[in-house]
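Here is the structure we will look at.
In what follows, chains are A, B, ... by sequence order, proteins preceding strands, each numbered from 1. Just so it is clear, the values below take in all heavy atoms, side chains as well, and ignore hydrogens, waters and symmetry mates.
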Amino acid sequence: MKSANPIFTHPAIQLLSKCKTLNTLNQVHGHMITTGLALHTYPLSKILLSSSDLELTYAHTIFDHIQNPTVFLFNTLISSVITNHRSQTHLAFSLYNRIILSGDDKLKPNCFTYPSLFKACRSQPWVRYGSVLHAHVLKFLEPGFDRFVQASLLNFYANCGKLGVARYLFEQINKPDLATWNSLLTAHARNASASDGGIKDADSCLSLEVFRLFNEMQNSLIRPNEITLVVLISACADLGALYQGMWAHAYVIRHRLKLNCYVGTSLINMYLKCGCLGQAYQTFDKLPQRDTSCYNAMIGGFAIHGYGQKAFQIYEKMRIVGILPDNITFNVSMFACSGVGLVDEGCKVFESIKEFYGIEPTLEHYGYLVDLLARAGRLQDAEKRIKEMPMKPNATLWRSLYAGARIHGNVAIEKVALKHLLELEPETSDNYVFFSNMYARVNKWEYVNRVRKAGS
DNA sequence: ATAGGGTTAG
């Protein structure tokens with residue numbers, strides 16, 4: 001019997017994954033160089049993975065010292081950059097270029113090279129490289145390349161709104177698997193909600209198409225998983241299709257799918273969109289685990305349905321149970337308070353951003369704060385906040401102040417707000433209308449005063 | 001024996 005190749009079972013490799021600091025990793029690496037282990041792709045890929053987790057530049061340095069790295073090693077580093085260091089995406093593309101421009105006949109991209117690169121192409125500024133990569137796929141890979149490449153290509157086109165291309169690519173995949181079906185469903189759901197504000201009929205068709213595709217998927221005997229149901233439930237929310245949504249909820253339970261945070265959040269949202277606040281809360285309450293998104297959905301739900309106090313209570317509960325809020329949490333919580341005039345609660349949310357969570361409030365947070373104060377008639381406070389904020393106030397902020405001043409009859413502040421509005425948006429005709437309305441009102445009062453004086 | 005695709009909230 002042949003014994004296992006010692007390269008794969010060397011104890012140093014086991015040690016690598018246990019390294020918690022660069023220093024220890026460095027020692028193991030040194031050891032691997034002296035034993036000659038660092039000449040082989042397998043141990044090298046392990047070093048690259050471990051080091052890129054700790055410090056990407058270190059991994060890069062190691063990579064640069066490898067003579068004639070194989071595609072395998074390129075792929076290892078490229079995917080590590082894209083999945084763990086998204087802000088460094090440019091490094092992944094420069095690695096890819098090194099493969100392409102190497103001039104080495106033996107070094108060619110393979111099926112493993114492309115999926116993570118297409119994933120990177122889903123956000124700016126990398127979107128324009130998608131079609132370049134597509135051309136490379138056709139050039140470098142054998143026709144009928146594997147389903148991972150096909151699925152990532154499909155996702156890329158769906159992401160930039162080219163649903164037709166995505167569908168065409170799907171047609172070419174024989175026996176699509178679960179992830180591929182989920183990609184196609186997601187493509188439709190994403191484009192249904194992305195074109196918000198467009199033609200409503202066309203939007204709904206895409207969500208209806210999700211229903212149809214779900215049936216087709218079931219006929220093909222691929223069993224839906226949690227991700228499938230999240231997409232289906234989102235389509236129900238989009239259509240306001242309560243009964244289909246309840247069916248999907250029952251499906252999750254009947255098929256013993258996990259009621260995870262994704263599924264939970266989409267169900268909460270679906271019930272809220274369908275007007276069922278009680279059902280939404282019950283779902284929220286029964287979830288085995290809740291993350292920030294679940295809380296955001298529920299707070300937003302109470303806000304929409306006019307229960308500011310409840311929304312605020314949920315916000316406070318997050319602190320007690322130790323779920324960290326994010327920027328959206330702060331926005332929806334203040335919005336909830338603003339809607340029903342809970343000024344003190346709303347201010348408490350704003351103060352907690354910095355005081356309790358140590359986060360610097362954003363322009364948007366100031367926007368909600370000013371809206372809250374202005375609507376409640378605390379115009380001096382609102383103006384003061386605008387003047388003291390660390391960044392330049394935008395037109396939305398001044399518009400909130402204007403609206404509050406207008407409603408509460410404070411002409412002086414109304415004037416200040418309008419002046420800034422006109423300055424920031426000289427092209428917007430609405431602002432001039434507001435301005436002339438104000439003068440019309442003021443002049444009328446002067447007229448009234450004159451009449452009064454003349455009469456006395 | 002190591003590298004790759006699909007999910008939520010305003």
Practice problem: Not counting sequence neighbours, which residues clear ring pair (Phe, Tyr, Trp, His ring centres under 6.0 Å) with A:Y368? List them please. | Solution: none
Self-check item: Any residue of residues 94-109 of chain A with a heavy atom less than 4.0 Å from an atom of DNA chain B
Solution: none
Exercise. Can you tell me the distance, in whole Å, between the CG atom of A:N5 and the C1' atom of B:dT2?
Key: 13 Å
Review item, side-chain donor-acceptor pairs of residues 328-345 of chain A, under 3.5 Å, at least two apart:
{"residue": "A:T329", "atom": "OG1", "partner": "A:N296", "partner atom": "OD1", "Å": "2.6"}
{"residue": "A:T329", "atom": "OG1", "partner": "A:D326", "partner atom": "N", "Å": "2.9"}
{"residue": "A:T329", "atom": "OG1", "partner": "A:D326", "partner atom": "O", "Å": "3.4"}
{"residue": "A:T329", "atom": "OG1", "partner": "A:D326", "partner atom": "OD1", "Å": "2.8"}
{"residue": "A:N331", "atom": "ND2", "partner": "A:E364", "partner atom": "OE2", "Å": "3.4"}
{"residue": "A:S333", "atom": "OG", "partner": "A:T329", "partner atom": "O", "Å": "2.7"}
{"residue": "A:S338", "atom": "OG", "partner": "A:D371", "partner atom": "OD2", "Å": "2.8"}

Quiz item: Can you list the residues that meet the ring pair (Phe, Tyr, Trp, His ring centres under 6.0 Å) rule with A:F156, with sequence neighbours excluded?
Solution: none
Quiz item: Could you write nucleotides 4-10 of chain B as a row of B, S and -, 5' to 3', where a protein heavy atom under 4.0 Å of any base atom gives B, of only sugar-phosphate atoms gives S, and otherwise -?
Solution: BBBBBBB
Exercise. Could you list all the side-chain hydrogen bond (donor to acceptor under 3.5 Å, both in side chains) pairs where at least one residue sits in residues 30-47 of chain A, not counting sequence neighbours?
Key: A:T41-A:T70
Quiz item: A:L73 CG to B:dA3 P: how many Å, rounded?
Solution: 12 Å
Quiz item: Using 30° and 60° as the class limits, which term best fits the ring planes of A:Y251 and A:H255: parallel, tilted or perpendicular?
Solution: parallel
Self-check item: Residues which pass ring pair (Phe, Tyr, Trp, His ring centres under 6.0 Å) with A:F74, listed by chain and number, not counting sequence neighbours
Solution: A:F63
Practice problem: Could you list the residues that satisfy side chain to side chain contact (heavy atoms under 4.5 Å, CB included) with A:I304, not counting sequence neighbours? | Solution: none
Quiz item: Has A:F8 got its ring stacked on B:dT2, by the test of a centre gap below 5.5 Å and a plane angle below 30°?
Solution: no
Quiz prompt | Any residue meeting side chain to side chain contact (heavy atoms under 4.5 Å, CB included) with A:T265, in chain and number order, not counting sequence neighbours | solution = A:D291, A:S293, A:C294, A:A297
